[in-house]
Amino acid sequence: MSGETIDLGNYLEGVAAPSSEGLNTCTHCGLCLNACPTYRVLGREMDSPRGRVFMMRQVREEQMPLSELIADHLYICLDCRACETACPSGVPYGELVEAGRAQVEAAGVTPRRWRLLRWLLNRVILPRPWLTRAVFAFPRLYAGSPLRALAGLLPRRLRAWEAALPRPRAPIPVRREPRPGGAPESGTAPLVMALTGCMMEAMLPHLNRATESVLRKAGYRLVPPHGGCCGALNVHAGERQAAKDMARATIDAFERSGAEYFVSNSAGCGAQLKEYAHLFEQDDPWRERAERFASRVLDLSQALATRGVAATRVLDVPVTYQDACHLAHAQRIRAEPRSLLKGCSDDFRELGDDQCCGSAGIYNLTHPEIANELLRQKLERIEATGARLVVTGNPGCLLHLRRGAAERGMNVDVRHIAEVMDATL
Ligand code: SF4
Ligand code: SF4
């Protein structure tokens, strides 16, 4: 790691730094340490929430120069926000680390080995829906091509990546006898706009169709979906300018649609949509619009649970639920997906573990060792439940768990909650 440093005066100007108020909330009690996956794996203070808050405060107070070394520790963080759940003092860790990374980006001290990947993905591909579709269409085209017959020749590790690629999968096993259920007829059906997003629509479009289908089954009326990127990956990478542009486009599309609610089927996107206001300064008129918009955002599980839908079919295999970090920790949504799954299963098994699976956006590409260790721990927990179906509410977790399960030769299927509800409603 290089010791490259920069002059504070240059980079603080025009870039919102982690707030003193947020940083000073930390009392150094250490109650977050055991909840932090990177601290548990690496055992280093500087890779704990407390250590990172300390570093950000030192930089803010000009006691320490912003260097590639500090950037490294900020990027080793998964931004999973388990520390926020554990912290008794309410330290807004996600907001702080994202602002810290924005400073890193503005200062140009992003660790060199990720610069190209980040630039390509966050600045070139994701802001352009046509390019995102073109790039991520390759895995889908491959999945339908005769080349798949050669997959067996690949080394074991590559075979696991191959197995995780989107492709037609077996129907979700449900019992034959339907039971009474469905959506309540009462009340006026709200008009909703769904987010189809960037990578989701390009790589896993069937999940967006399943989402639209279950929303209709739950009685919602749908306006045409919003197809742009929400900017979540940009915020996590500290690229706030690009994220602001995407936030404005999303808010504008929602306001013009006349819809009452905006529904997301991706935990990471949903958390970002609900926190758009963090991107804008207090005196920016977009801040108020972002706050109004956030109050209308629902995760798919919230949208379905609110309507009181009841499954008409029962799953035929033991099922467990993997808490996506940005649902459990960032949005504090745990009850709704469980209640939906218990409604369509007679054999729901608690995983008893809400630690990050290691997917975390592009983290599994930038930090594969830590991501794979967290994946190993998660799969062990899943194996211990004996579940044959794992359900999650985030596409990144879905693909990451699928790859790990294939690599381990596990007899388990990993599915998005939209597919499961579509098969059972
Ligand atoms: S972040 Fe919260 S839990 Fe962690 S040391 Fe600071 S006050 Fe304690
Ligand atoms: S966000 Fe996750 S990885 Fe980062 S400090 Fe908090 S608990 Fe640790």
Side-chain angles (χ1 to χ4, degrees), residues 18-61 69-104 110-111 114 232-233 235-238 267-268 270-272 274-275 278 322-334 353-378 394 396-397 400:
S19 71
S20 297
E21 195 192 349
L23 293 169
N24 293 335
T25 312
C26 179
T27 58
H28 314 289
C29 67
L31 290 172
C32 54
L33 297 189
N34 277 330
C36 173
T38 57
Y39 181 75
R40 283 163 71 163
V41 170
L42 301 170
R44 296 190 300 234
E45 175 69 17
M46 300 321 259
D47 291 310
S48 76
R50 183 173 65 183
R52 294 187 182 105
V53 167
F54 173 79
M55 280 186 290
M56 287 188 273
R57 192 189 284 172
Q58 291 290 97
V59 171
R60 166 116 212 171
E61 291 169 2
L69 177 69
I70 289 186
D72 234 332
H73 289 295
L74 293 185
Y75 281 107
I76 286 173
C77 169
L78 293 137
D79 202 3
C80 70
R81 298 170 63 174
C83 46
E84 283 187 25
T85 301
C87 176
S89 306
V91 172
Y93 182 84
E95 207 178 324
L96 294 174
V97 82
E98 284 159 12
R101 288 176 181 177
Q103 287 194 303
V104 165
T110 314
W114 309 323
L233 286 175
V235 173
H236 298 166
Q272 187 50 48
K274 289 178 179 178
E275 293 176 355
H278 295 175
Q322 142 71 6
D323 278 295
C325 299
H326 281 84
L327 269 184
H329 301 301
Q331 298 184 58
R332 309 284 161 117
I333 294 176
R334 292 170 189 262
D353 162 41
D354 63 6
Q355 180 174 273
C356 179
C357 67
S359 171
I362 60 168
Y363 192 91
N364 57 93
L365 300 175
T366 55
H367 299 82
E369 294 84 10
I370 303 172
N372 285 334
E373 172 54 21
L374 296 174
L375 179 60
R376 184 192 67 73
Q377 293 176 12
K378 181 67 71 179
N394 194 52
C397 308
H400 190 57

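Hydrogens, waters and symmetry mates are skipped; everything else that's a heavy atom, side chains included, is used. Counting starts at 1 for both ligands and their atoms, following the listed order.
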Using 4.0 Å as the upper bound for N to carboxylate O, is an ion pair formed by Arg376 and Glu373?
-> yes
Knowing that exactly one of Arg81, Arg332, Arg334 qualifies, which makes a salt bridge (Lys or Arg N to Asp or Glu O under 4.0 Å) with Asp354?
-> Arg334
Distance only, no hydrogens: is a donor on one side chain within 3.5 Å (strictly under) of an acceptor on the other, for Arg50 and Thr27?
-> no
Specify whether an N/O/S atom of Cys32 falls short of 2.8 Å from atom 4 (Fe) of ligand 1.
-> yes
For atom 8 (Fe) of ligand 1, decide whether Cys29 has an N, O or S atom at a distance under 2.8 Å.
-> yes
Mark up the atoms of ligand 2 that fall under 4.0 Å of a heavy atom belonging to Pro49, in ascending order.
-> 5 (S)
Within reach of ligand 2, part of Asp79 (heavy-atom separation under 4.0 Å) | backbone
Does a donor on one side chain sit under 3.5 Å from an acceptor on the other, for Gln355 and Lys378?
-> no
For ligand 1, which atoms sit closer than 4.0 Å to a heavy atom of Pro88?
-> 3 (S)
Do Tyr363 and Ile370 come close enough that some side-chain heavy atom pair is under 4.5 Å?
-> yes
Return yes if some donor-acceptor pair links the side-chain N/O of Glu98 with the main-chain N/O of His236 below 3.5 Å, else return no.
-> no
For ligand 2, which part of Tyr39 has a heavy atom less than 4.0 Å away: the side chain, the backbone, both, or neither?
-> neither
Relative to the heavy atoms of Gly30, which atoms of ligand 1 are at a distance of less than 4.0 Å?
-> 5 (S), 8 (Fe)
Ile76 side chain reached by Arg44 side chain, heavy atoms, under 4.5 Å = yes
Hey, which atoms in ligand 1 end up nearer than 4.0 Å to a heavy atom of His28?
-> 5 (S), 6 (Fe)
Any Lys/Arg nitrogen of Glu95 or Arg101 sitting under 4.0 Å from an Asp/Glu carboxylate oxygen of the other?
-> no
Protein heavy atom at shortest distance from atom 3 (S) of ligand 2 = Leu78 N, 3.4 Å
Using 2.8 Å as a strict upper limit, say whether an N, O or S atom of Cys80 approaches atom 8 (Fe) of ligand 2 that closely.
-> no
Numbered atoms and elements of ligand 1 in range of Ser89, under 4.0 angstrom, heavy atoms = 7 (S)
Which protein non-hydrogen atom lies closest to atom 5 (S) of ligand 2, naming both residue and atom, and how far is it?
-> Arg52 NH1, 3.0 Å
Looking just at side-chain N and O atoms, do His73 and Asp47 make a donor-acceptor pair shorter than 3.5 Å?
-> yes
For atom 6 (Fe) of ligand 1, find the nearest protein heavy atom and state the residue, atom name and distance (0.1 Å precision).
-> Cys26 SG, 2.4 Å
Take Asn394 and His400, measure what side chain to side chain contact (heavy atoms under 4.5 Å, CB included) needs, and give me the verdict at the end.
-> CA-CA 10 Å; Asn394 194 52; His400 190 57; over 6 Å; no
For atom 4 (Fe) of ligand 2, find the nearest protein heavy atom and state the residue, atom name and distance (0.1 Å precision).
-> Cys77 SG, 2.3 Å
Nearest protein heavy atom with distance in Å, relative to atom 8 (Fe) of ligand 2 | Cys36 SG, 2.4 Å
Would Val53 count as a contact of ligand 1 if the rule is a heavy atom under 4.0 Å away?
-> no
Numbering the atoms of ligand 2 from 1, which are under 4.0 Å from a heavy atom of Arg81?
-> 1 (S), 2 (Fe)
Pick from Cys26, Cys77, Cys32: which one makes a side-chain contact (heavy atoms from CB on, under 4.5 Å) with Pro49?
-> Cys32
Is it true that Gly90 lies under 4.0 Å from ligand 1, counting heavy atoms only?
-> no
Minimum-distance protein heavy atom relative to atom 7 (S) of ligand 1 | Thr27 N, 3.3 Å
Hey, does Thr38 have a side-chain heavy atom less than 4.5 Å from the side chain of Arg52?
-> yes
Atom 2 (Fe) of ligand 1: the protein heavy-atom neighbour that sits closest, reported with distance to 0.1 Å = Cys87 SG, 2.4 Å
